[in-house]
Novice: 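Below is the structure I would like to discuss, written out as structure tokens.
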Amino acid sequence: MEKKYELIESDIRGLHRIKALRDFGDVRKGDIGGYVEHPYNLSHTGDCWIYNNAKVYDNAEILNDAKVYNNAHIFNNAKIYHNSQVYGNAEIFGYAEMFDNAVIRGNAQIYGVSVIEENALIYGTSSICGNACIGGNAEIKNGMHIGNINEKFKDILYIQCKERLITVYRDINNIIKCNIGCQRGMTLTGFNKQN
């Protein structure tokens, strides 16, 4: 396998900048990219690349055709692959994974063992953690999701009541459901019967 980049010195202790050794995708030979800690943080196959001042370190990996831009930070054991993109000041860490054209931007944080997939768009000041699985063209702006919704969803709304948090979401079949406490996947009809 022909290497597509080399590590060069940087002004950040413990991190190296990347320099392209050949043309691929929109990267040209000689282009200086972002920062990595180790050579395995960025794959030599596919068109994946780290741009601008983005940083990838610890055991995090950027694979296939994934792109990381601006001042994004990818660390711990996070993996970004299959055409996914991270922009802005976003942070992906823990054991989080992004794939299948997912996009994270702004000041969003994805962590825990969350999975962001299938064209999902997370942006603004959103925070996704726990065992969340978000896909099916979901779009979340300035939202927060903690814990596990056991199905893919499109839209999500959180309502903080006096005694508990109610999560209302639209699943990939456009059915509106809600989670209240330990009760998961309740339809609105079921919710109305309980309250």
Novice: Is a side-chain donor or acceptor of D31 paired with a backbone partner of V27 at a separation under 3.5 angstrom?
Specialist: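 No; judged by distance alone, with no hydrogens or angles, the pair does not exist.
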Novice: Between N59 and N76 (side chain of the first, backbone of the second, donor and acceptor by atom type, cut-off under 3.5 Å), is there such a pair?
Specialist: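 Judged by distance alone, no pair lies under 3.5 Å.
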Novice: Between D65 and N83, is there a donor-acceptor pair closer than 3.5 Å when you use the side chain of the first and the backbone of the second?
Specialist: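 Looks like no, no N/O pair under 3.5 Å.
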Novice: For I80 and L63, run side chain to side chain contact (heavy atoms under 4.5 Å, CB included): C-alpha distance rounded to whole Å, both residues' side-chain angles, the deciding distance at 0.1 Å, then the answer.
Specialist: CA-CA 6 Å; I80 316 297; L63 307 163; over 6 Å; no
Novice: Would you check if the side chain of K4 reaches a backbone N or O of S43 as a donor-acceptor pair within less than 3.5 Å?
Specialist: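 Yes: the side chain of K4 pairs with the backbone of S43.
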Novice: Kindly say whether R22 contributes a backbone atom to a donor-acceptor pair with the side chain of Y5 at under 3.5 angstrom?
Specialist: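 No; zero donor-acceptor contacts below 3.5 Å.
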Novice: If you group Ile, Leu, Val, Met, Phe, Trp and Tyr by side-chain heavy-atom gaps below 4.5 Å, do V103 and Y69 land in one group?
Specialist: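 They do share one cluster, since a chain of ILVMFWY contacts under 4.5 Å joins V103 to Y69.
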Novice: With side-chain contact (heavy atoms from CB on, under 4.5 Å) as the test, pick out the partner of I50 among I74, V86, V56.
Specialist: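 Testing I50 for a side-chain contact (heavy atoms from CB on, under 4.5 Å) against I74, V86, V56 leaves exactly one candidate, V56.
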Novice: Between R17 and Y35, do the side chains contain an N or O donor and an N or O acceptor separated by less than 3.5 Å?
Specialist: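 Their side chains do contain a donor-acceptor pair, which is all the 3.5 Å distance test asks for.
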Novice: In terms of hydrophobic clustering (I, L, V, M, F, W, Y; side-chain heavy atoms under 4.5 Å; direct or indirect links), are L21 and V36 co-clustered?
Specialist: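 No: no chain of side-chain contacts under 4.5 Å links L21 to V36.
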Novice: As a quick check of understanding, evaluate side chain to side chain donor-acceptor pair (under 3.5 Å) for N71 and Y87, giving each step before the final call.
Specialist: CA-CA 7 Å; N71 296 303; Y87 296 90; over 6 Å; no
Novice: Between F93 and H73, does the ring centroid distance fall short of 6.0 Å?
Specialist: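 Ring centroids of F93 and H73 are no less than 6.0 Å from each other.
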Novice: Between D23 (side chain only) and K29 (backbone N and O only), is there a donor and an acceptor less than 3.5 Å apart?
Specialist: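 Answer holds: yes.
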Novice: For E61 and Y81, which I'm curious about, is there any donor-acceptor pair between the side chains at under 3.5 Å?
Specialist: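 Looking only at side-chain atoms, Y81 and E61 do not form any donor-acceptor pair under 3.5 Å.
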Novice: Classify the side-chain pair Y57/H38 by whether it contains a donor and acceptor separated by less than 3.5 Å.
Specialist: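 On atom types as modelled, these side chains do not qualify, holding no pair under 3.5 Å.
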Novice: I'd like to know if the side chain of S84 and the backbone of A102 have a donor-acceptor N/O pair within less than 3.5 Å.
Specialist: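 Yes; judged by distance alone, with no hydrogens or angles, the pair exists.
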Novice: Just by modelled atom types, is the E118 backbone N or O under 3.5 Å from a matching donor or acceptor in the D100 side chain?
Specialist: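 Such a contact is absent between D100 side chain and E118 backbone.
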Novice: Does Q109 use its side chain to pair, donor to acceptor, with the backbone of S127 at less than 3.5 Å?
Specialist: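 No, because the side chain of Q109 does not come within donor-acceptor range (under 3.5 Å) of the backbone of S127.
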Novice: Using only heavy-atom distances, determine whether the side chains of T125 and N142 contain a donor-acceptor pair under 3.5 Å.
Specialist: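 N142 and T125 do have a side-chain donor-acceptor pair below 3.5 Å.
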Novice: Kindly assign one of parallel, tilted or perpendicular to the pair F99 and H82, based on the angle between their ring planes and the thresholds 30° and 60°.
Specialist: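 Correct class here is perpendicular.
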Novice: Heavy-atom distance under 4.5 Å between the side chains of I134 and V115, does that happen here?
Specialist: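 No, their side chains stay 4.5 Å or more apart.
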